[in-house]
Amino acid sequence: MTTFQTNKTYSMRFICDSSLVVCWTVTKRTAKTLTIINTNTQEIKKCRVKIICDEEIVYPLGKYSMAPILRASNTK
């Protein structure tokens with residue numbers, strides 16, 4: 001299974017604008033949650049980890065129909 005690791009940076013793209021890339025760095029993790037920081041704005045979020053297709057994912061901006069997904073396989 002692909003998992004998030006602390007002190008690594010991951011990137012995500014938006015469905016509506018695929019040229020827009022947002023990077024997040026994992027600062028702390030537990031078995032069920034991640035604490036991540038946006039590399040541009042220094043915004044800190046705490047997110048619940050979900051497992052889909054043998055990979056960990058989180059929704060840093062909330063879960064809605066076209067929400068960007070931060071995947072453990074998208075390392076920067």
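The first residue of the sequence shown is numbered 1, and numbering continues consecutively from there. Below, all heavy atoms of this structure are taken into account, side chains as well, without hydrogens, waters or symmetry copies. Keep in mind that this is a model prediction, so the values were computed, not measured.
For the pair Arg13 and Ser19, the tightest heavy-atom approach, listed with the atom from each and the gap, is NH1-CA, 4.1 Å. Between Gly62 and Ala67 the shortest heavy-atom distance is O-CB, 3.2 Å. A pairwise comparison of heavy atoms in Met12 and Leu61 identifies CE-CD1, 3.9 Å as the closest pair. Between Ser73 and Thr2, the shortest heavy-atom distance links the atoms N-CG2, 3.9 Å. Here the closest heavy-atom approach between residue Ser11 and residue Cys23 is recorded as CB-SG, 4.0 Å. The nearest pair of heavy atoms linking Ala72 to Glu55 is N-OE2, 3.6 Å.
A ring-ring contact (aromatic ring centres under 6.0 Å, His included) check over residues 6-30, counting only residues at least two apart or in different chains, returns the pairs Phe4-Tyr10.
Between the NZ atom of Lys28 and the OG1 atom of Thr6 there is a distance of 11.5 Å, given to the nearest 0.5 Å. In this structure, CD1 on Ile44 lies 11.0 Å from OG1 on Thr25, to the nearest 0.5 angstrom. Note that CZ of Arg29 and NZ of Lys46 are 13.5 Å apart. Values are rounded to the nearest 0.5 Å. To the nearest 0.5 Å, atom CG of residue Asp17 and atom CE of residue Met66 are 11.0 Å apart. Residue Asn40 holds its CG atom at 8.0 Å from CD of Gln42, rounded to the nearest 0.5 Å. Atom-to-atom distance recorded for Gln5:CD and Glu56:CD is 9.5 Å, nearest 0.5 angstrom.
Proximity of a side-chain donor or acceptor of Thr33 to a complementary backbone N or O of Arg48 within less than 3.5 Å is not detected.
Under the 4.5 Å side-chain heavy-atom criterion for Ile, Leu, Val, Met, Phe, Trp and Tyr, Leu70 and Leu20 are members of the same hydrophobic cluster. Linking Ile, Leu, Val, Met, Phe, Trp and Tyr whenever their side-chain heavy atoms come within less than 4.5 Å leaves Val49 and Tyr59 in two separate clusters. Under a hydrophobic-cluster definition in which Ile, Leu, Val, Met, Phe, Trp and Tyr are linked whenever side-chain heavy atoms come within less than 4.5 Å, directly or via other members, Val22 and Ile37 are assigned to different clusters.
Contact annotation: the side chain of Ile51 approaches that of Met1 to within less than 4.5 Å [non-hydrogen atoms, C-beta and beyond].
For the residue pair Thr27 and Thr35, no side-chain donor N or O sits within less than 3.5 Å of a side-chain acceptor on the partner.
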